[in-house]
Amino acid sequence: MTRTDSIQLKGIAILMMLFLHLFNTPERVALCDTYIRFPDGQPLVYVLSRVAAWCVPVYIFLSGYGLAARAERGGYGFSSAVCRLVPLYVHYWVVLLPFVAIGCWLKPQVYPGSAEELLLNMAGWSCSYNHEWWFLLPYVVLALLSPFLLYALRAHGNTASHTGWLAAAVVLYLLSDILYRLYAPWIDRCAVLNLADEVAQLFLMFLCGALSRIHHIPSRFAARAESCLGRWTRMVSVLVLLLLCVLRMSVGWVLPNPVFASLFILLYRVIRPCRPLPFLMAMGRQSTSLWLCHTFFAYYLFSPFVYSFRHPILIYPVLVLLSWVASVPLTRISSAISSRFTI
């Protein structure tokens, strides 16, 4: 995959995330006027949110893929991983501070809370200001571990060793999922256990991304599909993707998202647009700001306004537009600040 592919996939992932967070519970869908229903009787937007739930696996796959590509170029060690996290935290604080300031005005009973709460949220250890920021700390842990993981994958570069890594990651994913289902109250009460569970859940797709780069799996898959299907390759791939979406909408949460997300990424490599799509490129470049700020509009500060449009076909673009308008200056500010701390 090229850098352009990665940016466009990030754009798709963030658009999925915004859709997911608008319509992923019956309570939120109840705030809308829904007329189109799936054959099982549920609102179409609600079952579509199951497809949108691929967003996090896709994003973490791209992170593993990108860091593996960075390691191939050499010079990627622990210090490099730490330096790469500086712009992320600057970006995080640039978004946190103005929205918390607005929260102090609109919801003083919630924001900023105690000094301890403010510091914990700024560190990413707590996400009480915005629960969708849970992704930050597990990602930081994976990023710090990535130099050692990528070194181990390169040092033992045979297929059998990598298959063993993948099998271990699958077991870890399933074990963490089962343990959380059994002991959720205890895990939620212990921040360290909760963090370990989240890292275990993300590790599988992170590893899949790294191995995909090392073995050039997306490109090899596209070439194999082309050789087998010829001029029908794109059409067949689109149909398979549509079938995957229908299957995901039908089975609910029975099958894990990493399975669908991995297949989606492979199929995207086949059906990707011949030329970069400006909208997806723009969304991909703003993905961090969009992730950090969109639920302030959807949930925490401006939810009545967003859902006042009633119809999902209006609610969704309103959230995209509001988040975009906020994200552009925030990204520019964070980039200007980060440039002073990085070489």
Side-chain angles (χ1 to χ4, degrees), residues 1-20 51-73 76 80-81 84-85 87-88 91-92 132-147 149-150 153 162 165-166 169 173 198-222 241 244 256-273 276-277 279-292 294 327 331:
M1 285 195 302
T2 65
R3 178 174 173 77
T4 297
D5 290 332
S6 295
I7 293 173
Q8 291 193 115
L9 273 170
K10 282 185 179 180
I12 294 171
I14 198 63
L15 288 169
M16 286 179 170
M17 181 178 290
L18 269 63
F19 189 93
L20 173 71
V51 176
W54 299 348
C55 57
V56 171
V58 168
Y59 194 89
I60 202 68
F61 176 99
L62 294 173
S63 298
Y65 191 98
L67 290 178
R70 174 69 178 82
E72 282 181 7
R73 295 193 291 269
Y76 181 68
S80 301
R84 289 176 66 88
L85 292 174
L88 175 61
H91 209 144
Y92 174 61
E132 286 62 44
W133 289 348
W134 68 268
F135 179 80
L136 176 67
L137 205 55
Y139 176 81
V140 168
V141 172
L142 281 175
L144 293 176
L145 293 175
S146 64
L149 170 65
L150 294 171
L153 293 176
H162 290 174
W165 274 95
L166 186 59
Y173 176 90
E198 291 168 346
V199 171
Q201 287 285 294
L202 296 180
F203 178 71
L204 173 59
M205 285 304 290
F206 188 88
L207 179 67
C208 286
L211 291 176
S212 292
R213 173 65 189 190
I214 292 170
H215 295 283
H216 306 288
I217 291 175
S219 299
R220 291 168 64 183
F221 175 84
L241 180 56
L244 277 178
N257 281 318
V259 174
F260 290 97
S262 299
L263 293 172
F264 165 68
I265 292 167
L266 293 177
L267 291 169
Y268 170 83
R269 177 60 181 79
V270 177
I271 64 177
R272 63 181 180 173
L277 299 180
F279 177 68
L280 289 182
M281 294 294 291
M283 296 299 291
R285 292 190 177 105
Q286 297 293 332
S287 59
T288 301
S289 287
L290 290 166
W291 158 52
L292 290 170
H294 76 278
S327 73
T331 299

Between Ser63 and Leu142, is any pair of side-chain heavy atoms under 4.5 Å apart?
no
Who are the ring-ring contact (aromatic ring centres under 6.0 Å, His included) partners of Tyr92, not counting sequence neighbours?
Trp133
Distance, nearest 0.5 Å, that separates CE of Met17 from SG of Cys55:
4.0 Å
What's the separation between atom CG in Leu266 and atom OG in Ser212, rounded to the nearest 0.5 Å?
6.5 Å
Can you name the nearest heavy-atom pair linking Pro57 to Ala261, along with the distance?
CB-CB, 3.5 Å
Going by the rule salt bridge (charged side-chain N to carboxylate O under 4.0 Å, His left out), which residues pair with Arg272 if we only count those two or more places apart in sequence or in a different chain?
Asp5
For Ile14 and Ser287, which heavy atoms make the closest approach, and how far apart are they?
CD1-O, 3.6 Å
Sequence neighbours excluded, which residues qualify as ring-ring contact (aromatic ring centres under 6.0 Å, His included) partners of Tyr139?
Phe135
Kindly compute the distance separating CZ (Phe61) from CG (Leu204), expressed to the nearest 0.5 Å.
11.0 Å
What residues, two or more places apart in sequence or in another chain, satisfy side chain to side chain contact (heavy atoms under 4.5 Å, CB included) together with Leu137?
Tyr89, Trp125, Leu195
Any side-chain heavy-atom pair from Val56 and Gln201 closer than 4.5 angstrom?
no
Please list, chain by chain and in numerical order, all residues satisfying side-chain hydrogen bond (donor to acceptor under 3.5 Å, both in side chains) with Arg269, sequence neighbours excluded.
none
For the residue pair Tyr268 and Ile12, establish whether any side-chain heavy-atom pair is separated by less than 4.5 Å.
yes
Leu149: side chain to side chain contact (heavy atoms under 4.5 Å, CB included) partners, not counting sequence neighbours:
Leu153, Trp165, Phe203, Phe206, Leu207
Measure the shortest side-chain to side-chain distance between Ser262 and Met205 over non-hydrogen atoms and say whether it is less than 4.5 angstrom.
yes
I'd like to check the side-chain hydrogen bond (donor to acceptor under 3.5 Å, both in side chains) partners of Tyr76; sequence neighbours left out, ordered by chain and number.
Ser146
List the atom of Val199, the atom of Pro138, and the distance in Å for their closest heavy-atom pair.
CG2-CA, 3.9 Å
Return the CD to CG distance between Glu72 and Leu150, rounded to the nearest 0.5 Å.
9.5 Å
If you look at every heavy atom in Ala222 and Val270, which pair is closest and at what distance?
CA-CG2, 3.9 Å
Met1 versus Ser6, closest heavy-atom pair with distance:
CE-OG, 4.4 Å
Do Ile265 and Leu62 come close enough that some side-chain heavy atom pair is under 4.5 Å?
no
CG (Leu211) and CG (Leu166) are apart, to the nearest 0.5 Å, by 6.5 Å
For Ser289, give me all partners under side-chain hydrogen bond (donor to acceptor under 3.5 Å, both in side chains), at least two apart in sequence or on another chain.
His91, Thr331
Please report the closest heavy-atom contact between Pro256 and Tyr173, naming both atoms and the distance.
CB-OH, 3.6 Å
For Arg70, the salt bridge (charged side-chain N to carboxylate O under 4.0 Å, His left out) test, sequence neighbours excluded, returns none
Could you tell me whether the side chain of Trp54 reaches within less than 4.5 Å of the side chain of Leu263, counting heavy atoms only?
no
Is Leu202 close to Val141 at the side-chain level, that is, under 4.5 Å between some pair of heavy atoms?
no
By ring-ring contact (aromatic ring centres under 6.0 Å, His included) - contacts of His162 (at least two apart)
His215
For Leu277, all residues meeting side chain to side chain contact (heavy atoms under 4.5 Å, CB included), sequence neighbours excluded
Gln8, Pro273, Leu280
For Tyr65, give me all partners under ring-ring contact (aromatic ring centres under 6.0 Å, His included), at least two apart in sequence or on another chain.
none
Interatomic spacing from OG in Ser327 to CZ in Arg285 - rounded to 0.5 Å
13.0 Å
